[in-house]
Amino acid sequence: MVSELDSRFTIAEAKVREHASWFDKAFVSYFDSLQATQELPRSFSYPQECLAALRELALAGGKRQRVAFFLEASRLVDGVIPGDAERVALSIELLQAHLLIHDDIIDNSPTRRGVQSTLYRFLTRMGGDHARALGLALLTGDIASSLAMDILTGLPRSEDLVGAQLRAHILTCFGQAADLERDERPRTSDALDEVSDFKATRSSAFAPIELGLLLAGADSNDFGATVLKYSRLFGISGQMRDDYLSLFGTASVTGKSNDADIRDGRLTYVLALTLERADARQRALLEYTLGRQDATSEDIARLREVVTETGAADTIARQSIEYAELAAAEASTWRGRWDDDAVAFFEVVPIWGARRML
């Protein structure tokens with residue numbers, strides 16, 4: 001028998017897929033139009049290649065979770081998606097493309113969404129000339145962020161919408177800087193939560209919901225605190241899930257190698273907790289393997305065994321679900337204030353997101 005929760009999961013998943021399908025068609029149309037109308041230096045090929053690289057990454061996939069959050073948030077006020085939603089959704093995913101491009105530069109990641117990262121695409125194109133490839137990848141990311149802001153101009157409340165996007169962008173960049181420092185030594189769980197808040201929460205949850213409510217005519221002074229609390233809980237849950245999948249997931253699911261965190265020595269929720277719990281033998285193996293780009297598959301397999309032996313993997317997976325349930329509880333306080341159907345989406349989607357991959 002299908003439980004009520006499973007039924008709600010099915011509804012939420014269907015909505016995410018419906019929103020993603022609608023958006024992907026709009027994204028293709030946007031890039032087709034951009035290709036035809038964007039002013040470019042026509043005597044040179046690199047500008048066109050930047051645009052092509054952005055298009056490839058942007059259209060390569062992704063769950064379009066931010067789009068779903070935005071569209072459902074835009075329904076909270078009166079149950080209807082406003083007419084200008086497409087342009088705001090495009091802005092959200094263009095800014096996300098920028099963040100992914102720069103994140104892959106920071107991590108020196110060769111793949112994203114199952115295709116070459118933008119940096120590695122240009123490395124291939126430039127025959128290994130790292131300086132030129134890096135320059136073009138940075139410029140492609142900058143083009144994406146500028147387009148994200150430009151597309152909002154002329155909309156009702158454009159100043160508020162651009163302001164929300166800029167705040168999310170600025171705070172995410174500070175979060176990226178904190179993320180780089182995080183790996184210098186093990187951190188407390190509170191410090192890891194702070195990294196999650198700035199690096200992930202602001203752009204992945206809070207900004208899309210804020211943009212949806214603003215577009216629907218809501219006043220940020222009336223909703224900011226509860227939406228931020230919800231977003232933080234959701235963001236921590238999602239980061240814990242992603243950290244788990246970065247070790248135990250598959251590239252077909254995550255779009256990235258599951259040994260990158262180990263080779264890069266990234267002290268994620270899972271690996272930081274493993275170090276905290278490790279005995280002398282386990283710690284020696286961890287310290288030997290973490291951060292070694294030349295670590296063998298056997299080294300990495302042994303490290304994963306240690307993560308499992310300490311119970312860190314199970315703990316983080318469980319905590320991811322617990323934080324998702326707290327986010328759902330916060331969303332439930334919105335009932336009676338906003339559209340029940342839209343509220344139901346925000347109640348169930350954190351738990352669905354945590355459980356479907358763990």
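Residue indices begin at 1 and follow the sequence shown.
Under the 4.0 Å criterion applied to side-chain N and carboxylate O atoms, Lys15 and Asp341 are assigned as salt-bridge partners. Taking 4.0 Å as the cut-off between side-chain N and carboxylate O, Arg55 and Asp32 count as a salt-bridged pair. We find that Arg302 and Glu309 are not joined by a salt bridge, their nearest charged nitrogen and carboxylate oxygen being 4.0 Å or further apart.
Relative to the six-membered ring of Phe198, Arg202 meets both conditions, a distance below 6.0 Å and an angle of at most 45° to the axis.
Residue Leu192 comes nearest to Ala272 through the heavy atom pair CD1-CB, 4.1 Å, listed as atom of the first residue, atom of the second, then distance. Across every non-hydrogen atom of Ser91 and Gln165, the tightest pair is OG-NE2, 2.9 Å. In terms of heavy-atom proximity, Leu267 sits nearest to Pro186 at CD1-N, 3.4 Å. In plain terms, the two heavy atoms of Val270 and Ala312 that are nearest each other are O-CB, 3.8 Å. Contact record, Ser74 with Leu71: OG-O, 2.6 Å, taken as the closest heavy-atom pair.
With values rounded to the nearest 0.5 angstrom, Ser237 atom OG is found 10.5 Å from Arg355 atom CZ. Annotation: the span from Asp197 atom CG to Thr172 atom OG1 amounts to 9.5 Å, rounded to 0.5 Å. Remark: Asp264 CG to Ile106 CD1 distance equals 12.0 Å, nearest 0.5 Å. We find the CZ-CD distance between Phe223 and Glu210 to be 5.0 Å, quoted to the nearest 0.5 Å. With values rounded to the nearest 0.5 angstrom, Leu136 atom CG is found 11.5 Å from Ile101 atom CD1. Atom CZ of Phe346 and atom CZ of Arg335 lie 12.5 Å apart (nearest 0.5 Å).
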> Stepwise, does the side-chain contact (heavy atoms from CB on, under 4.5 Å) test hold for Ser145 with Leu95?
Replying inline: CA-CA 5 Å; Ser145 64; Leu95 186 58; 4.2 Å; yes
>> What verdict does the side chain to side chain donor-acceptor pair (under 3.5 Å) test give for Thr310 and Gln282, after you've listed the backbone C-alpha separation in whole Å, the side-chain angles of each residue and the deciding distance to 0.1 Å?
In response: CA-CA 9 Å; Thr310 62; Gln282 294 167 331; over 6 Å; no
>> Under the criterion side-chain contact (heavy atoms from CB on, under 4.5 Å), I'd like the reasoning laid out for Ser231 against Ile209: C-alpha separation, chi angles, the key distance, then a yes or no.
In response: CA-CA 9 Å; Ser231 300; Ile209 299 173; 4.0 Å; yes
> Hey, mind stepping through Tyr46 and Leu139 against side-chain contact (heavy atoms from CB on, under 4.5 Å) and telling me if it holds?
Replying inline: CA-CA 10 Å; Tyr46 287 1; Leu139 289 168; over 6 Å; no
>> Run the side-chain contact (heavy atoms from CB on, under 4.5 Å) test on Trp22 and Glu86 for me, step by step, so that the C-alpha distance in whole Å, both residues' side-chain angles and the decisive distance to 0.1 Å come before the verdict.
In response: CA-CA 9 Å; Trp22 167 82; Glu86 181 177 307; 3.9 Å; yes
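Remark: side-chain polar atoms of Asp339 are not paired, donor with acceptor, to backbone N or O of Asp78 under 3.5 angstrom. Using modelled atom types, one side-chain atom of Gln293 and one backbone atom of Arg263 make a donor-acceptor pair closer than 3.5 Å. No donor-acceptor pair closer than 3.5 Å links the side chain of Thr111 to the backbone N or O of Gly114. In this structure, Thr153 contributes its side chain and Asp150 its backbone to a donor-acceptor pair below 3.5 Å. Between the side chain of Thr333 and the backbone N or O of Ala329 there is no donor-acceptor pair closer than 3.5 Å.
Enclosure of atom CZ in Arg304 by more than 12 non-hydrogen atoms of other residues, nucleotides or ligands within 6.0 angstrom is indicated. Enclosure of atom CD in Glu56 by more than 12 non-hydrogen atoms of other residues, nucleotides or ligands within 6.0 angstrom is indicated. Counted within 6.0 Å of CD on Glu159, heavy atoms from surrounding residues, nucleotides or ligands total 12 or fewer; the atom is thus considered open. Counting non-hydrogen atoms of neighbouring residues, nucleotides and ligands closer than 6.0 angstrom, the CZ atom of Arg42 exceeds 12 such neighbours.
Classified by interplanar angle (parallel below 30°, tilted 30° to 60°, perpendicular above 60°), the ring pair His19/Phe345 is perpendicular. In this pair, Tyr30 and Phe27 present their aromatic rings parallel. The plane angle is below 30°, not in the 30 to 60° band.
Side-chain contact of Asp243 with Ser246: a donor-acceptor pair under 3.5 Å is absent, judged by distance alone. In this model, no donor atom of one side chain and acceptor atom of the other lie less than 3.5 Å apart for Tyr269 and Ser320. In summary, the side chains of Thr124 and Gln116 do present a donor paired with an acceptor at a separation below 3.5 Å, with no hydrogens or angles considered. Checked by atom type, the side-chain pair Thr226/Glu330 shows a donor-acceptor distance below 3.5 Å.
In this structure, the side chains of Tyr120 and Arg112 stay at 4.5 Å or more apart for every pair of heavy atoms. A 4.5 Å side-chain heavy-atom check between Leu59 and Asp24 finds every atom pair outside the cut-off. Side-chain contact check for Glu347 versus Arg8: some heavy-atom pair is nearer than 4.5 Å. Looking only at side-chain heavy atoms (C-beta outward), Leu54 and Leu147 come within less than 4.5 Å of each other. Between Arg283 and Leu275 there is a side-chain heavy-atom pair separated by less than 4.5 Å. Side-chain contact between Asp142 and His102 is present, with heavy atoms from C-beta onward closer than 4.5 Å. Residues Gln239 and Thr268 form no side-chain contact, since every pair of their non-hydrogen atoms from C-beta on lies 4.5 Å or further apart. Under the 4.5 Å side-chain criterion, counting only non-hydrogen atoms from C-beta, Leu138 is in contact with Ile105.
Cluster membership check: Val80 does not share its hydrophobic cluster with Leu213, using side-chain heavy-atom separations under 4.5 Å among Ile, Leu, Val, Met, Phe, Trp and Tyr. Note on Leu286: it does not cluster hydrophobically with Tyr288, by side-chain heavy-atom contacts below 4.5 Å among ILVMFWY residues. Residues Ile151 and Leu166 share a single hydrophobic cluster, defined by chaining ILVMFWY side chains whose heavy atoms lie under 4.5 Å apart. The hydrophobic cluster containing Leu34 also contains Leu90, counting ILVMFWY residues as joined when their side-chain heavy atoms lie under 4.5 angstrom apart, directly or transitively.
For Asp179, the side chain to side chain contact (heavy atoms under 4.5 Å, CB included) criterion is met by Gln176, Arg182, Val195, Lys199, Arg266, not counting sequence neighbours.
Side-chain rings of Phe234 and Phe69 approach one another, their centers coming within less than 6.0 Å.
Just one of Thr274, Thr308, Thr289 meets the side chain to side chain contact (heavy atoms under 4.5 Å, CB included) condition when paired with Leu303; it is Thr289.
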